[in-house]
Novice: 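This is the structure I want to talk about, given as structure tokens.
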Amino acid sequence: MQPLTPDRLAIHTMTTKPWSLAQACEAYASAGIAGVSPWVEHVEPVGTREAARIIASCGLRVPAYVRGGFFVHPGDAEREAAIDRSRRLIDDAHALGAEMLVIVPGARAGIPLGSAREAVADALAKLAPHAQQAGVKLALEPLHPMYAADRSCVNTLASARDLCARVAHPSLGIALDVYHVWWEPDLERTIAAIGRAGRLFAFHICDFKAAPAHPLLDRGLMGEGVIPISEIRHAVEAAGFEGLAEVEIFSERSWATDQTEFLARIIAAARAAS
Ligand code: ZN
């Protein structure tokens, strides 16, 4: 495997949360990073058109727009509104030149996981044709089971694969984030099966610290935790994935540091972890 040099990396703007979209894109591009995956939180303050201009002027590729979904609600009207929001985000992803829209499925205390999963399958079946028309893929991201109560009713790669097979639309696939699935039994076999089905759309990297201070906001830099990143990357590439590895680190500790220095640490850590 080639080392994960900057030309093989994209960075999620939430990784350098204190930076505006323009600051992030300029810094990534001047460090030789190949792509940016903008978050809605960084695009909305400037608007989609200006965001597209900023990204294009920096010459960055856009693997993903992050993130749509959150389809699990008690009422029909709320569920439809969530689908409409994702429909608009698909259009925005197209305007940004993004390959895909990341989908976080949603979950809600009080709604049984079975019903929640039905709602997600229904929403994805409704959205996939719109995504196809827009030339944008939908990347369903299974989240670690610690988020099953409030963020995601899809918690393993294997169940995400089954859900995609059930919806059976070529525009629907999976974003594999090592933080969420590194622990999963039969990981290599599942990755291979997703690759064979043509549904391995994205590869997100960071690390899982052995004793995180916060379940969401203390992700580690590659090499700081327990994830066998190189092994998983090997399986992902063996399954046919040829896209950019996307660095996605939410860390209050890192956000409080100098972001230019943090970016240099990211680049060094990616190279060392691969
Ligand atoms: Zn991710």
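Both ligands and their constituent atoms are indexed starting at 1 by order of listing.
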Novice: State whether Glu141 contributes an N/O/S atom found under 2.8 Å from the Zn ion (ligand 1).
Specialist: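 Here the distance criterion (N, O or S atom, under 2.8 Å) is met by Glu141, so yes.
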Novice: Give the atom name of whichever N/O/S atom in Asp177 sits closest to the Zn ion (ligand 1).
Specialist: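 The Zn ion (ligand 1) is closest to the Asp177 atom OD2, counting only N, O or S.
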Novice: Can you tell me the N, O or S atom of Glu248 that's nearest the Zn ion (ligand 1)?
Specialist: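 Closest N, O or S atom of Glu248 to the Zn ion (ligand 1): OE1.
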Novice: Taking the N/O/S atoms of His204 one by one, which is nearest to the Zn ion (ligand 1)?
Specialist: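 This residue's closest N, O or S atom turns out to be ND1.
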Novice: Nearest 0.5 Å, what's the OG1-CD distance between Thr16 and Gln23?
Specialist: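 With rounding to 0.5 Å, OG1 (Thr16) is 9.0 Å from CD (Gln23).
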Novice: Check Glu41, Glu248, His42 against Thr13 for a side chain to side chain donor-acceptor pair (under 3.5 Å) and give me the one that passes.
Specialist: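 For Thr13, the side chain to side chain donor-acceptor pair (under 3.5 Å) check succeeds only for His42.
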Novice: Is a side-chain N or O of His144 found less than 3.5 angstrom from the main chain of His180, in a donor-acceptor match?
Specialist: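 No, because the side chain of His144 does not come within donor-acceptor range (under 3.5 Å) of the backbone of His180.
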Novice: Looking at Arg253 and Glu224, does any basic side-chain N land under 4.0 Å from a carboxylate oxygen?
Specialist: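 Here Arg253 pairs with Glu224 in a salt bridge, since their nearest N and O are under 4.0 Å apart.
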